[in-house]
2 protein chains.
Amino acid sequence: MSEAIKLTDDQKRLIERLGVYHEKSGMSPASGRIVALLTVSPVVELSFDQIRETLNLSKSATSNAINMLMSMGKVDYITHSGDRKRYFRSKIGSWREAMKQSFQNITNVADLLEEVLENRPNDTEKFNKNLTEVISFMRFINNEIPALYKKWEEQEE
Amino acid sequence: MSEAIKLTDDQKRLIERLGVYHEKSGMSPASGRIVALLTVSPVVELSFDQIRETLNLSKSATSNAINMLMSMGKVDYITHSGDRKRYFRSKIGSWREAMKQSFQNITNVADLLEEVLENRPNDTEKFNKNLTEVISFMRFINNEIPALYKKWEEQEE
DNA sequence: TTTTTAGTTTTTTAATTTGAGAACTAAAAA
DNA sequence: TTTTTAGTTCTCAAATTAAAAAACTAAAAA
């Protein structure tokens, strides 16, 4: 008997679009579809087989993708007593941490570009100036984040 | 006779690290190495064969990667009269446009998530609230960009 | 104790990506 | 006109990635 979740065509299309977006940002197709499903599905906690059958994935693809997503902090699961299954769900509530992560990336690039800059000759002035500017802007953005969060929280009230 | 540019070991390592970073953000290895070379190399304008031989790439890999990078707006070239070669260089000066591009992506995701939100049931309150928050924060960040640029430009003077 | 459940791991296959090599082309030079 | 230069394009092989199928495992249920 099928465990698949019933979805409207619109929901299926949204899962594909969101899935493709996640693929573009480095996830495997299966992982991308799973986070997308867990974002779009009206039922927010889905079992292994519900995910597997809704997306027509094999057990291995499902297992590997779920574990990948858990290690990325994109997904976690809860259990219900008297039920051995795990119910997986999106960690959308951790969006602040996810954002922090992506801002951390900016800092890492800035650090790398700083090393490049230190290695560059002094002639190539214009080039060095541009490089200095990107680095400076990246660091500036990063410094402004806390203030931005604060401002956002305030306007949110 | 070899056209390869002489690089120190440090420069070679920086090219690899920067290349890997570009790979992670979706470029092919060859494209990643080429932008990286054009960022690290003390000579900022390099001919096709200088790139090819410095990075030990085939002609096809070099040609395809360069054209990819030009279509992405990451690289362009200049010519010198009496010299048929094209001299390729990093478009690092266009970093503002590149940044704008990546902020545009945030907006696109926000739009997509907005569509998801409109499709969600009204129960799943907490989930919807989180989704609403991410979207709101993304849009907020996007709105703040011009002011951030302005502030950065001012502190830069 | 045996069976079932809920996954995990291993093996194999299919698809995609990447880039080498060689043939090709258009313009310039000889 | 022939040759050379500066790439481009095509064909194919190697490497990588993705996922299916099937064997396996640990815990719970019967």
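Just so it is clear: chains get the letters A, B, ... in the order the sequence lines come, proteins before strands, and each one is counted from 1.
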Could you say whether B:Ala30 or A:Ile66 is positioned toward the 5' end of DNA chain C, judged by the nucleotide with the nearest heavy atom to each? A:Ile66
Ignoring hydrogens and geometry beyond distance, is the side chain of A:Ser60 in donor-acceptor contact with the base of D:dA21 at under 3.5 Å? yes
Taken to the nearest whole Å, OH/A:Tyr77 to C1'/C:dG7 is 11 Å
Tell me whether the NZ or CZ atom of A:Arg120 lies within the 45° cone about the ring axis of A:Phe127 and under 6.0 Å from its centre. yes
Tell me which nucleotide among C:dA28, C:dG19, D:dA19 gets nearest to the side chain of B:Arg84. C:dA28
Among C:dG19, D:dA18, C:dG7, which is the nearest nucleotide to the side chain of A:Pro29? D:dA18
As a test of reading the structure: which of D:dT8, C:dT9, C:dG7 is closest to the side chain of A:Phe88, going by heavy atoms? C:dG7
Tell me yes or no: between the side chains of A:Glu156 and B:Ser136, is some donor less than 3.5 Å from an acceptor? yes
Using atom CD of B:Glu53 as one end and atom P of D:dT5 as the other, report the distance to the nearest whole Å. 13 Å
C:dT8, OP1 or OP2 - any side-chain N/O from A:Asn67 closer than 4.0 Å? yes
Does the pair A:Tyr77 and A:Phe88 meet the rule for a ring-ring contact (aromatic ring centres under 6.0 Å, His included), with working shown? CA-CA 4 Å; A:Tyr77 65 84; A:Phe88 300 96; 5.7 Å; yes
In whole angstroms, how far is the P atom of C:dA6 from the CG atom of A:Leu46? 15 Å
To the nearest Å, how far apart are A:Gln50 CD and C:dT5 P? 16 Å
Check whether any side-chain nitrogen or oxygen of B:Ser28 sits under 4.0 Å from OP1 or OP2 of C:dG19, and answer yes or no. yes
Would you mind reading off the distance between A:Arg52 atom CZ and D:dA21 atom P, rounded to a whole angstrom? 9 Å
To the nearest Å, give me how far apart CG (A:Asn56) and C1' (D:dA20) are. 13 Å
Does B:Arg86 count as lying over the ring of B:Phe48, i.e. NZ or CZ under 6.0 Å from the six-ring centre, within 45 degrees of the axis? no
To the nearest angstrom, how far is B:Asp83 atom CG from C:dA29 atom C1'? 13 Å
Just checking A:Leu57: base, sugar-phosphate only, or nothing, at a heavy-atom cut-off of under 4.0 Å? sugar-phosphate
Is A:Arg86 near enough to C:dG7 that one of its side-chain N or O atoms lies under 4.0 angstrom from OP1 or OP2? yes
Provide the Watson-Crick or G-U wobble partner of D:dT25, both distances under 3.5 Å; none if there is no partner. C:dA6
Taking the side chain of A:Ala61 as its heavy atoms from C-beta onward, which of D:dT9, D:dA19, C:dG19 lies nearest to it? D:dA19
Phosphate contact (C:dG7 OP1 or OP2) by A:Lys59 side-chain N/O below 4.0 Å: no
Is it true that A:Ser63 and A:Ser60 share a donor-acceptor pair across their side chains at a distance under 3.5 Å? no
Look at B:Arg96 together with B:Glu153 and state whether they make a salt bridge at an N to O cut-off of under 4.0 Å. yes
In this structure, how many angstroms lie between the C1' atom of C:dG19 and the CG atom of B:Leu55, rounded? 13 Å
Whom does D:dA19 pair with, Watson-Crick or G-U wobble, provided both distances fall under 3.5 Å? C:dT12
